Chemist: 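Got a structure here, written out as structure tokens. Questions coming.
What you see is a predicted model, and the numbers here were worked out from it, not measured in a lab. So you know, we letter chains A, B, ... as the sequences are listed, proteins then strands, and number each from 1.
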There are 2 protein chains.
Amino acid sequence: MPLNFSTRHLDAFLALAEMRHFTRAAERCHLSQSAFSQLIRRLEDAAGTRLFDRDTRNVALTPEGERFAEAARRLAADVESAFADLREHAARRKGRVALAALPSLAAGWLPPVIAEYRRRHPGIAVELFDPLADRCLELVRLGRADFALTAPGPDLTEFDTRRLYSDRFHLVCRRDHPLARRRSVRAADLAGCELIHLARTTSVRQHLEPVLRPLQLKSSGLEVEQLATVAGLTASGLGVSVVPELTLFQFRRPDLVAIPVAEPDLERPILIVQRKGRSLSVAAQGMLELVEARLARRPRGAR
Amino acid sequence: MPLNFSTRHLDAFLALAEMRHFTRAAERCHLSQSAFSQLIRRLEDAAGTRLFDRDTRNVALTPEGERFAEAARRLAADVESAFADLREHAARRKGRVALAALPSLAAGWLPPVIAEYRRRHPGIAVELFDPLADRCLELVRLGRADFALTAPGPDLTEFDTRRLYSDRFHLVCRRDHPLARRRSVRAADLAGCELIHLARTTSVRQHLEPVLRPLQLKSSGLEVEQLATVAGLTASGLGVSVVPELTLFQFRRPDLVAIPVAEPDLERPILIVQRKGRSLSVAAQGMLELVEARLARRPRGAR
DNA sequence: GTCAATTACGTTCTCCGTAAGGATG
DNA sequence: CATCCTTACGGAGAACGTAATTGAC
């Protein structure tokens, strides 16, 4: 006789095992005494043996009942904890979210978002990676990151992507540079400038290259990995640089100025990238919503 | 929304997690696809979060679903094993029975019963204690033994007892003894005999004492604990002894004879003793039934 | 257009409660 | 005889199945 064993059976069994009294155990379970009796009876039928010895005066567990009681207590606790765990994740009181973001985002724009998230959901562990674009995608592909905020890579077909934002480029130069007083510049204006480059592995460089290559600019020969190095080199008058708006926080110093580059094709889209067809965890979904909300409130440069 | 979480929910969830296909998972669960869909929906309501991502083409676990799946697999296995364990005990394929029996029973009459039991139920562990009567009761009181086969002790009110059998006494003497050719003897016939006694702690002695004391028999001064010693002493012509029928197997030697003592008050009841109000385990119940069956087939001396 | 999940709705069946029955101290 | 578990029976609600609907590819 296959029983659809349920938490009600568990609760009833445990109540009776504890109370040793049908009527009172039935009350605790909010059942009539009759229904309760049937419940126990069906459980015993499924068990294939009596679990309680009872006459009209006494109720006690049989040896088999004792044995089952141990399992039943564990089961009840396990069911309870499984659902509690689920609800805690659903309520974002517990969980984990891992995201990857380009260094420029990770250093400047993202931290306040993460701080806000942690404030709202102190129980959730936040993991942040700040590698270059290729590795961002890799982390998402491996499932190490729930989603990434990064620039387009070579092969995005295996991901679900959404454009969050489009980052415009700025010329950064010393305050005493000939272009320093312009309100905006065009790519052509850069002719004659020595350019300090970021490494070719960076998304910044990859987006700059198609636009600047035709201009045959003089190269400074300097090609570094860190934006802070670019800032230092530029401040020392060794050249100028062209960087996305989101990285400008690295260049906010009295001796440097940043000037928008008015060039329609020169922009670096920032995408939300996640695994195709897989939904985000509740925790990650919350982070994503906060990212989008922050962007909506600060649409500078958004398209 | 409190769900009456049941094995059906578990099975459905696990089937869908494995199949990633509602229709096929529903078939495995012997449900219509519609009913199956509702089942999952209710489960998700109770969980407070989606467990599956699905559109008409793909079904996959959400991160929360993955987490729940681990717990669900454990739960399903635990429920299954708890019931399997119960059924194995009920079917006497598994379990344990402990019994205590007087040495005379444990040595002679009981072993074939235990052997038969083990043959029938090889999965059940049988534990046997063979102490004197007091300790037999003690073992039952402590729950170390499921039941005891023993003689009446001083305080039986705390136990449930049932008379199994009544053991009649026999005179044991050498073949060359004056009484050796009698077909039966009375207590009075023992006048002038030197009696070899068992220790006062034995139930044999305790039952003999009230009957033999008035006869003022000569004492041999020998008072030992083991029946085998009594046999040796008797065979050497140091005296005679009076022992219950169940112990006669110790005295089956060519130089000794055993003669029934025809004395209405001289008998030693053998009781089944168990804890009051507590039922026996299925395993122990089986042993008890075998004991009674064996007795019914061999009613020699039964009342 | 097809396949698959969801929704709608009528039906079935399980399970509950009221009430009578029975056993035990 | 009072207490308390069990059985009987009628009804409410949950769950199921058929079928129509929606949605994705």
Side-chain angles (χ1 to χ4, degrees), chain A residues 1-47 49-62 65 157-158 160 275-279, chain B residues 1-13 15-47 49-62 65 157-160 275-279:
Chain A
M1 167 169 309
L3 174 67
N4 180 25
F5 185 62
S6 71
T7 51
R8 188 150 0 85
H9 294 104
L10 264 182
D11 294 341
F13 173 82
L14 290 172
L16 186 55
E18 185 184 331
M19 303 263 204
R20 307 155 74 96
H21 195 284
F22 274 69
T23 307
R24 285 196 277 279
E27 275 171 25
R28 175 194 278 200
C29 295
H30 310 291
L31 281 174
S32 75
Q33 193 277 327
S34 152
F36 188 87
S37 185
Q38 289 179 49
L39 204 71
I40 296 293
R41 171 169 182 65
R42 277 192 294 273
L43 179 56
E44 288 180 326
D45 286 348
T49 183
R50 286 253 148 166
L51 299 173
F52 294 95
D53 271 316
R54 50 210 190 258
D55 51 36
T56 55
R57 195 60 61 181
N58 280 315
V59 176
L61 285 165
T62 61
T157 59
E158 63 171 311
D160 276 345
R275 275 163 95 176
K276 205 164 216 163
R278 311 259 306 194
S279 72
Chain B
M1 168 172 306
L3 175 68
N4 181 26
F5 186 62
S6 71
T7 51
R8 188 149 3 86
H9 294 103
L10 264 181
D11 294 340
F13 174 82
L16 186 55
E18 184 183 331
M19 304 265 205
R20 307 154 76 96
H21 196 284
F22 274 70
T23 307
R24 285 195 278 279
E27 276 171 25
R28 175 195 280 199
C29 295
H30 309 291
L31 280 174
S32 74
Q33 193 277 329
S34 152
F36 187 88
S37 185
Q38 291 179 46
L39 203 72
I40 297 293
R41 172 170 181 64
R42 278 191 295 276
L43 178 57
E44 287 179 327
D45 286 348
T49 183
R50 285 255 148 164
L51 299 173
F52 294 93
D53 270 316
R54 54 222 192 244
D55 50 35
T56 55
R57 193 61 61 181
N58 280 314
V59 177
L61 285 164
T62 62
T157 59
E158 63 170 311
F159 300 102
D160 275 345
R275 277 164 94 175
K276 205 164 215 161
R278 311 260 305 196
S279 73

Chemist: As an exercise, state the distance from CZ of Arg57(A) to NE2 of His21(A), rounded to the nearest 0.5 Å.
Modeler: 8.5 Å

Chemist: Using a 4.0 Å cut-off to any heavy atom of chain A, which nucleotides of DNA chain C are the first and last in contact, reading 5' to 3'?
Modeler: dC15(C) to dG25(C)

Chemist: Quantified as the angle between the terminal helix axes (five pairs each), what is the overall bend of the helix from dG1(C)-dC25(D) to dG25(C)-dC1(D) to 10 degrees?
Modeler: 30°

Chemist: Output yes when a side-chain donor or acceptor of Ser279(B) lies under 3.5 Å from a complementary backbone atom of Asp53(A), and no otherwise.
Modeler: no

Chemist: Taking the side chain as C-beta and beyond, is there a heavy-atom pair between Leu16(A) and Val59(A) under 4.5 Å?
Modeler: yes

Chemist: Closer than 4.0 Å, any side-chain N/O of Thr23(A) to the OP1 or OP2 of dC4(D)?
Modeler: no

Chemist: As an exercise, state the distance from CG of Leu43(B) to CZ of Phe5(B), rounded to the nearest 0.5 Å.
Modeler: 6.0 Å

Chemist: Using the six-membered ring wherever Trp is involved, compare the ring planes of Phe36(A) and Phe22(A) and label them parallel, tilted or perpendicular (cut-offs 30° and 60°).
Modeler: perpendicular

Chemist: Would you kindly give the CZ-to-C1' distance between Arg24(A) and dC5(D), to the nearest whole Å?
Modeler: 13 Å

Chemist: Given Asn4(B), which partner from the list Thr7(A), Asp11(A), Asn4(A) fulfils the side chain to side chain donor-acceptor pair (under 3.5 Å) test?
Modeler: Thr7(A)

Chemist: Quick check for you: to the nearest 0.5 Å, what is the distance between Met19(A) atom CE and Leu14(A) atom CG?
Modeler: 11.5 Å

Chemist: Between the main-chain N or O of Leu51(A) and the side-chain N or O of Glu44(A), is there a donor-acceptor pair closer than 3.5 Å?
Modeler: yes

Chemist: Hey, is CZ on Arg278(B) packed in by over 12 heavy atoms from elsewhere, all under 6.0 Å?
Modeler: no

Chemist: CZ of Arg54(B) to CZ of Arg20(B): how many Å apart, nearest 0.5 Å?
Modeler: 13.5 Å

Chemist: At under 4.0 Å between heavy atoms, how does the protein contact nucleotides 15-25 of chain D? Give one character per nucleotide, 5' to 3', with B, S or -.
Modeler: SSBBB---BBS

